[in-house]
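In each ligand, atom 1 is the first atom listed, and ligand 1 is the first ligand listed. Values in this document were obtained by computation on a predicted structure and should not be read as measured data.
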Amino acid sequence: MSKPVLFVTLLDYGAGNVRSVRNAIRHLGFDIKDVQSPEDILNANRLIFPGVGAFAAAMDVLNKTGMAEALCAYIENDRPFLGICLGLQLLFESSEENGPVNGLGLIPGGVGRFDSSNGFRVPHIGWNALQVYKDSDILDDIGNHHVYFVHSYRAMPSNDNKEWVSSTCNYGDKFIASIRRGNVHAVQFHPEKSGDVGLSVLRRFLYPKSHVTKKPTQGKASTLAKRVIACLDVRTNDKGDLVVTKGDQYDVREHTKENEVRNLGKPVELAGQYYKDGADEVSFLNITGFRDFPLGDLPMLKVLRYTSENVFVPLTVGGGIRDFTDANGRYYSSLEVASEYFRSGADKISIGSDAVYAAEEYLKTGVKTGKSSLEQISRVYGNQAVVVSIDPRRVYINSPNDVEFKAIRVTNPGPKGEEYAWYQCTVNGGREGRPIGAYELAKAVEELGAGEILLNCIDCDGQGKGYDLDLIKLISDAVSIPVIASSGAGAVEHFSEVFRKTNASASLAAGIFHRKEVI
Ligand code: 1PR
């Protein structure tokens, strides 16, 4: 006997990527009915509203299409509802985001920006714990597990909205992590990106009656957890297959007569394995993207599509994001390239070479043109969706006055006893050094809209001797966005050391996972 088809209605107003939510719903055995008109909201049996994009733009669409009114009626009638991220914030009276802007006004209170003046990095990106206040059904499996957040704005608990608040989270201050009243739920975190525990939240919403036994919820607030990211460098090998590879100081070819590209396996399989092994995030870097046109690289888009069907933690993809004119003279903006990556399942994109050119230009003119890939993509998808990947090489010098770039005293002197170094940025996979330091680049890209920095180090890449702590300290102290430490992890202690000795928010590694030295 075939199983009856289960449906959930999804409100996707087209402002961004809700592919991960769709994948998670399907993974849990439900089919999706998309809202086309306000009536579809009123007729829904179970409605999920994954808010994406900016508050004002979302309200604009909801008001113009008549969906705002339908949503209010649906929620006021206590119909089963789950809002996610912006889908929680829109229920409040107003938001400061590009505002003040009025929200749906169902819950008393406003939405404001996190305060970064007290040293907390904004956006709030990563895994954090919840303090659960009341029986909220959908949070029953959470316990002390962390869930994944990515946002710059948050709603605050107050006496006026306390009957709604089911859990809070701490990040500089205490903000609302979830609300529940009757059948109406909303969460600020991303259940579709919170691994198994996140899937349990969605499962409890989708199958409310099937969970009769309740586990005690005793989540208690703690601090933002440090993330560990598994990175897969991918490229097409000489036979034309897209493979996971890994270099030593960016050299990915075997030192044999054939000199072939090192082949460590298939991208989709390895990403799925790292997800199962517990990676907090997965990154794909298309390392030859700088010379290929990414939209012509259909295998990479397919890899993203397949991976996002089974990997429920954040996925980042980088390589080749820049404006491009193809052989027929057709122009593609970097925003179009990024949009295709997002549509295929990426949660964040990462920009390498093009960010270096944008930063150089910005430092030269002092003008933000709004036209760089960084600015365009962060304007449309939000800063949290844009990572800048820096590929610096250490250059030893005798005195900090020898260069016009920020230089530091290094822990281990250079080959000729040099006590200082600066970190020169490179483009095209380390092939070309540029006249800009990692410090100058990091500060410039933060101003241009980067939400996170992936800080590689060519000297340490693949060496397994630990991270370049001097470099990571320099950059993580210089910016207020999260910094991901990368290159050189060779033992578990290297992860704890980088978190103990620097302000990195996450650590990324490749070789150590590929060699299965750490799970
Ligand atoms: O310039 O926008 O097309 O982006 C290209 C991207 O590809 C950049 O993010 C750049 O870092 C990356 N890339 C280019 N060439 C290479 C190479 O290896 N030949 N890989 C490359 C960079 C560095 C790390 C690596 C860590 C950890 N890989 O991401 O995974 O160093 O390695 P480890 O743990 O084994 O030490 P664009």
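Residue H514 comes nearest to L264 through the heavy atom pair CD2-CD1, 3.6 Å, listed as atom of the first residue, atom of the second, then distance. Nearest heavy atoms, A509 versus Y467: CB-OH, 4.2 Å. When all heavy atoms are compared, the tightest approach of K501 to K473 is O-CD, 3.9 Å. Considering every non-hydrogen atom in both D280 and R227, the closest pair reads OD2-CA, 3.3 Å.
H145 has its side chain out of reach of W127: every pair of non-hydrogen atoms, C-beta onward, lies at least 4.5 Å apart.
Considering backbone and side-chain N/O of N456, one or more are found under 3.5 Å from N/O of ligand 1. Here's the thing with G511: one of its N/O atoms is less than 3.5 angstrom from an N/O atom of ligand 1. Residue contacts with ligand 1: D251 is placed with no nitrogen or oxygen under 3.5 Å of a nitrogen or oxygen of the ligand (distance criterion only). Checked against a 3.5 angstrom limit, the closest N/O atoms of G462 and ligand 1 fall inside it. In terms of polar-atom proximity, I512 is not counted as a contact of ligand 1, lacking any N or O under 3.5 Å from an N or O of the ligand.
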Are F55 and Y153 close enough, and set up right, to give a ring-ring contact (aromatic ring centres under 6.0 Å, His included), and what steps lead you there?
-> CA-CA 10 Å; F55 192 102; Y153 292 82; 8.7 Å; no
Hey, mind stepping through S373 and D323 against side chain to side chain donor-acceptor pair (under 3.5 Å) and telling me if it holds?
-> CA-CA 7 Å; S373 52; D323 297 346; over 6 Å; no
> Checking ring-ring contact (aromatic ring centres under 6.0 Å, His included) for the pair Y171/H151: CA distance, chi angles, key distance, verdict?
Replying inline: CA-CA 11 Å; Y171 191 64; H151 58 135; 8.0 Å; no
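Distances from atom 3 (O) of ligand 1 to the heavy atoms of S283, G352, G320, G289 put G320 nearest. Atom 32 (O) of ligand 1 has its nearest heavy-atom neighbour, among K246, R253, H494, Q463, in K246. Among I484, N428, I287, the residue whose heavy atom lies nearest to atom 16 (C) of ligand 1 is I287.
In terms of protein heavy atoms, atom 28 (N) of ligand 1 is closest to D233 OD2, 3.0 Å. Among all non-hydrogen protein atoms, the one lying nearest atom 15 (N) of ligand 1 is G429 CA, 3.3 Å. The nearest protein atom to atom 34 (O) of ligand 1, hydrogens excluded, is given as A510 N, 2.9 Å; this is a heavy-atom distance. Taking atom 26 (C) of ligand 1 as the reference point, the nearest protein heavy-atom neighbour is S486 OG, 3.2 Å. Looking at atom 19 (N) of ligand 1, its nearest protein heavy atom turns out to be Y250 O, 2.8 Å. Closest protein heavy atom to atom 4 (O) of ligand 1: G319 CA, 3.6 Å. Here the heavy atom of the protein found nearest to atom 25 (C) of ligand 1 is D461 OD1, 3.6 Å.
Cation-pi geometry between R322 and F324 is not met at under 6.0 angstrom from the ring centre and within 45 degrees of the axis.
Contact annotation: for L285 versus ligand 1, heavy atoms closer than 4.0 Å belong to the side chain alone. In S353, the parts holding a heavy atom less than 4.0 Å from any atom of ligand 1 are both the side chain and the backbone.
No donor-acceptor pair under 3.5 Å is formed between the side chain of E419 and the backbone N or O of P413. Judged by distance alone, the side chain of D233 and the main-chain N or O of T245 form no donor-acceptor pair under 3.5 Å.
For the residue pair S486/N456, the side-chain donor-acceptor check at 3.5 Å is satisfied.
Ring geometry for F513 against Y274 counts as tilted: the plane angle lies between 30° and 60°, on a 0 to 90° scale.
Within ligand 1, the atoms closer than 4.0 Å to a non-hydrogen atom of D391 are 8 (C), 10 (C), 11 (O), numbered from 1 in the order shown. Contact atoms of ligand 1 toward S389: 8 (C), 9 (O), 11 (O) (distance under 4.0 Å to a heavy atom of the residue). Near S487, the atoms of ligand 1 lying under 4.0 angstrom from a non-hydrogen atom of the residue are 26 (C), 27 (C), 31 (O), 36 (O). Near A509, the atoms of ligand 1 lying under 4.0 angstrom from a non-hydrogen atom of the residue are 34 (O). Against a heavy-atom cut-off of under 4.0 Å, C231 is close to the following atoms of ligand 1: 29 (O), 30 (O).
The closest approach between any non-hydrogen atom of G430 and ligand 1 is not below 4.0 Å.
The distance between the ring centers of F342 and Y381 falls below 6.0 angstrom.
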